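For reference, the structure is listed below as structure tokens.
If you're wondering where the values come from, they're calculated on a predicted model, not measured in any experiment.
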Amino acid sequence: MHVFKLFDRFKSTQVHALSPQDNNSGSRGKLSKSKFTNSGSGAQALLPYGLPTTELLEPPIDSYLKPIDYVESLAEIHRRLNTCSLTDKSILCIEQYSILRGLGDPKLLRRCLCAARQYAFDVHSKAVLSAWLRFERREDEFTGVSSKDCSGYILECPVAALVSGYDPNSIYDCCQCGQDDLEAFSSQMLVGNESSSLEEDGDVSFCIGDELVHCVRFKIASLSGAFKAMLYGSFVESRRDKIDFSKTGISVEGMRAVEVYSRTRRVDLFCPAIVLELLAFANMFCCEELKCVCDAHLASLVCGIEDALILINHALEERANLLVASCLQVFLRELPNSLYNHKVRGVFCIPEARERLAMLGHASFFLYYFLSQVAMEENMAMSTTVMLLEGLEEFATEKWQKALALHQLGCVMLERKEYKGAQFYFEAAVDAGHVYSLAGVARTKYKQGQQYSAFRLMNSLIFEYKPVGWMYQERSLYGVGREKIMDLNTATELDPTLTFPYKFRAVMKVEEKQIRAAIQEIDKIIGFKLSPDCLELRAWFFIALEDYDSALRDIRALLTLKPNYMMFHGKVSGDHLVELLSHHVRQWSLADCWMQLYERWSSVDDIGSLAVIHQMLVNDPAKSLLWFRQSLLLLRLNCQKAAMCCLRLARNHSSSVHERLIYEGWLLYDTGHREEALSRAEKSISIQRSFEAFFLKAYTLADTNLDPESSSTVIQLLEEALRCPSDCLRKGQALNNLGSIYVDCGKLDQAADCYKNALNIKHTRAHQGLARVYHIKNQRKAAFDEMTKLIEKAHYSASAYEKRSEYCDREKAKDDLNMATILDPLRTYPYRYRAAVLMDEQKEAEALEELTKALAFKPELQMLHLRAAFYESLGDKTSALQDCEAALCLDPNHSDTLDLYNRTQEQATRSI
């Protein structure tokens, strides 16, 4: 019972993950020894700041656009994309990106950015969007890669971005960077040879001090109308052989360069300082062609931050559009690191500098949207973030842009505890049409002691609009007693993906001295939505129970998501707490770690597996194989951002070229570059035959509608992979995949053998494949039993319940699918199945409601398509069309939805 005394002792304390506070306390990162010497137990020593209390818990205000009705918003954006002009498509794609951010699907967001880049017309937009796409892949984290390096695709090519105009289809092509460099070198040699053979006599000379520069009059006159008038017009210079240019500001070397240019039309033989002189000369004498050539050449010379900082002032002064774009591109392609350079910040944040950029068309909503997103990811509370968001507001022209900028300013001010300022911005965002910002208004009122006013505001919002989960969650903050709990329960019912209600109920149980019940509550959300704050909370509970093994597991798993995570309200580093907890658990050798990993991987305990790999990486951080395994687990847990970071680390720590090619292949595959992934796999195989290279090639080829010939190739590749050295974890996966291909080819006996061999080496997921074989053979009982084995073995079993539902009668199927929904509300098949059953039973309203309640928190393609089909069958063409449009916003090429949409449109047209 000594543990429970902590609650009274520390009831006014707070944990960083639960409600952010000021982190600028004196000592950060480690706990002083005095924290432990006076403690009465291990749990007290490891909880120096106590456990969180319910009064101090609060959910974050999301910093992105959050429509009241996602389906309606998605449908509207799809309609506008289909009817707008080509010049408006790019900004509409960014609006689509802003709306889809709330869904948390990186692939959808990347598709929006790709489309925005596809339809970008001007150089500025292309440069910004190309850099944004590069940032989303975090190529800055690759070792040996500079900001100007090209990925090989026009989409992200820094050279292609500086070409004005657009061909929407060209973005799918590979760029010609290497080839262009070769051609440029050849051209330089040609110009060099040509220059050496130039005639030296001219018919006009320009005097600069005591020096004369001889030129050909008609060639100089051809540079601009001003020179033509000077040399052939009524001016006195037209009758002179010598013209004084001493006061023009150009040097002798510069004028000689003008003479060479007048005959060669090339500037690439001159040093950058001379080309800058030529640029100023061109502006002075209106030599547009010379200016363009200088602009383009200087733009091609910008290779790094220092170059860009030197050249951008010249570029702005001389209004050199391409050079400005090239400098900005380097700053953007060096993000987030460039934000920590005060000179770079000055370019974007100082009002006078912003004004200079705007005069040349290089300050835009695109630019400040990208910059502010990066800054908010780095540190929401820093002053740079505020200034960039002020720039975003300044260049916002459309209503949704204003709403976004104002809402994000409100979020940042709330983070900075500037509550009056936050309230002002949130109210302005509401005036711009963003209803969700009312939650921010309520929060700032609450922070200023106006709890009842906040409650009334949220209460009126619930009555005015169709309620969604976040409304009840926000109102719960301002209620008391049973009303608070009812609001939290309603929030979970309407949106089970909201983490705050689970956290609150868990902490409330801790306050009631029911720690195990608290763990069960927080387990509900961790089971389908992994987040650092929930893992941290569960770790505290385990420490309170003195279950240090489980606490250590959760903290290690947390650190795979956020390696620099600060715990105890930002006062203690996660790594330091791992070190402290390690003294309370049995230490594992490397062999123990592999054994533990094998056991956890086999029992489908992904969090436990993450923790083991984290421990192994602490001892051997350069082990690329471990980083790769960690990425596989994180992808399975739907933590794509962290998974891609691990893949990049695997690539950086590769000990050989063939290994690096494999990890680059996976990175390309996960960002949609299938052909390039295949190429990397083939190059790796040509260097050294390995399990991972064959597996990558087989996996990439299998990700299509396989014909018999392709299936045969994939089978051969997997068989080759299995002949190569690897461990049981990966060989089990290969056997499982091979079994799946055999099933698709109708070779059931071979498939069964593969699955059984996989099970023999404890690849537990093979139960699902074997069940499929039994089902195809009409052995439903055997299939059901096989899935039951998987349910019994797997640590997380929502997918197993879902799959088992296919092998039993309708009532049992409904039970299994209900359990799948309880374990993972984000799985959409159970909702679709229940809706289809209700439709079969002619319970149309209930069928629609089953889909509608899920779509409220997870707008998903298949559910939208099914509900559209239901609406069509009921004769509600308007609702059917809206659902089709929302689905096509998520996937514009979904053939079934396109067919339904076209058919419904024809029916609607005929009925008019």
Side-chain angles (χ1 to χ4, degrees), residues 526 530 535 538-539 542 546-561 563 574-575 577-637 639 642-643 646 649-650 653 655 659 690-692 695 721-722 724-737 754-768 789-797 800:
I526 290 175
L530 199 61
L535 283 171
R538 191 170 71 172
F542 281 128
E546 301 189 17
D547 182 353
Y548 302 125
D549 285 294
S550 297
L552 185 58
R553 174 205 63 203
D554 281 354
I555 295 170
R556 285 192 182 280
L558 183 162
L559 291 172
T560 65
L561 301 176
D575 287 330
L577 194 56
V578 166
E579 181 186 338
L580 294 176
L581 284 168
S582 296
H583 298 303
H584 296 266
V585 300
R586 186 176 75 84
Q587 300 302 304
W588 292 342
S589 66
L590 181 60
D592 292 331
C593 286
W594 277 109
M595 185 62 71
Q596 291 292 332
L597 179 59
Y598 189 49
E599 290 298 322
R600 283 162 169 71
W601 200 290
S602 299
S603 62
V604 198
D605 178 6
D606 293 335
I607 292 177
S609 299
L610 276 180
V612 176
I613 293 179
H614 179 271
Q615 180 172 348
M616 297 167 79
L617 281 168
V618 169
N619 298 325
D620 190 1
K623 191 79 170 177
S624 59
L625 172 67
L626 295 174
W627 288 113
F628 178 55
R629 296 295 171 82
Q630 196 171 79
S631 74
L632 296 176
L633 288 165
L634 288 165
L635 281 173
R636 201 148 60 193
L637 290 163
C639 302
C646 290
L649 287 167
H653 290 300
S655 58
E659 189 182 10
S690 68
F691 173 91
E692 292 298 349
F695 188 87
L722 289 165
C724 297
S726 188
D727 56 67
C728 291
L729 299 177
R730 293 298 282 156
K731 288 208 169 186
Q733 183 65 61
L735 285 165
N736 197 60
N737 289 15
C754 286
Y755 291 129
K756 289 173 182 176
N757 288 335
L759 288 169
N760 288 337
I761 55 176
K762 301 185 75 171
H763 187 78
T764 309
R765 285 184 172 84
H767 282 296
Q768 182 168 319
K789 292 175 187 176
L790 178 56
I791 289 168
E792 291 168 351
K793 292 179 183 179
H795 200 80
Y796 295 107
S797 54

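Judged by distance alone, the side chain of Gln768 and the main-chain N or O of Ala800 form no donor-acceptor pair under 3.5 Å. Judged purely by atom type and a 3.5 angstrom limit, Asn736 has no side-chain atom pairing as donor or acceptor with the backbone of Gly732. Between the side chain of Ser726 and the backbone N or O of Phe691, no donor-acceptor pair lies under 3.5 Å.
Taking CG from Leu597 and CG from Leu633, the interatomic distance works out to 7.5 Å, rounded to the nearest 0.5 Å. In this structure, Cys728 SG and His763 NE2 are separated by 11.5 Å, a value rounded to the nearest 0.5 Å. To the nearest 0.5 angstrom, Leu558 atom CG is 11.0 Å from Arg538 atom CZ. Here CD of Glu579 is found 10.5 Å from CG of Leu581. Values are rounded to the nearest 0.5 Å. Atom CZ of Arg636 and atom CG of Leu530 lie 13.0 Å apart (nearest 0.5 Å). Rounding to the nearest 0.5 Å gives a distance of 14.5 Å between NE2 of His614 and OG of Ser609.
The shortest non-hydrogen separation linking Ala539 to Asp554 is N-OD2, 3.9 Å. Cys646 and Ser631 get closest at one heavy-atom pair: CB-CB, 3.8 Å. Of all heavy-atom pairs between Trp588 and Val612, the closest is CZ3-CG2, 4.0 Å. Minimum interatomic distance between Ile761 and Leu735 (heavy atoms only, all atoms of both residues): CD1-CD1, 4.1 Å. The two residues His795 and Val604 make their nearest non-hydrogen contact at CB-O, 3.3 Å.
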query = Leu634 and Leu632: side-chain contact (heavy atoms from CB on, under 4.5 Å), yes or no, with the steps?
reply = CA-CA 6 Å; Leu634 288 165; Leu632 296 176; over 6 Å; no
request  = Tell me, with the steps shown, if Asn619 and Leu590 meet side-chain contact (heavy atoms from CB on, under 4.5 Å).
outcome  = CA-CA 9 Å; Asn619 298 325; Leu590 181 60; over 6 Å; no
query = Yes or no on side-chain contact (heavy atoms from CB on, under 4.5 Å) for Leu535 and Leu561, after CA distance, side-chain angles and deciding distance?
reply = CA-CA 10 Å; Leu535 283 171; Leu561 301 176; 4.1 Å; yes
message = Between Phe542 and Asp549, does the side-chain contact (heavy atoms from CB on, under 4.5 Å) criterion hold? Intermediate values first, please.
response = CA-CA 8 Å; Phe542 281 128; Asp549 285 294; over 6 Å; no
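With 3.5 Å as the limit, one finds no donor-acceptor pair spanning the side chains of Gln630 and Thr560. Checking Gln733 against Asn737 by side-chain atom types alone, a donor-acceptor pair falls below 3.5 Å. There is a side-chain donor-acceptor pair under 3.5 Å between Ser589 and Asp592.
Between Arg629 and Asp727, at least one side-chain nitrogen of the basic residue sits less than 4.0 Å from a carboxylate oxygen of the acidic one, meeting the salt-bridge criterion.
Under the 4.5 Å side-chain criterion, counting only non-hydrogen atoms from C-beta, Asp606 is not in contact with Leu610. Residues Arg556 and Val578 have side chains in contact (heavy-atom distance under 4.5 Å, counting atoms from C-beta outward). Considering only heavy atoms from C-beta on, Glu546 stays 4.5 Å or farther from His584 through its side chain. Residues Leu729 and Lys731 fail the side-chain proximity criterion, which asks for heavy atoms closer than 4.5 Å. A heavy-atom distance below 4.5 Å is not found between the side chains of Gln596 and Gln615. Using a 4.5 Å heavy-atom cutoff, the side chains of Phe628 and Glu659 are not in contact. Between Leu580 and Tyr548, every side-chain heavy-atom pair lies at or beyond the 4.5 Å cut-off. With contacts defined as side-chain heavy-atom distances shorter than 4.5 Å, the pair Ile607/Tyr796 qualifies.
With a 6.0 Å cutoff to the six-membered ring centre and a 45° limit on the axis angle, Arg730 counts as a cation-pi contact of Phe695.
Using bins of under 30°, 30° to 60° and over 60° for the plane-to-plane angle, the ring pair His653/Trp627 lands in the parallel bin.
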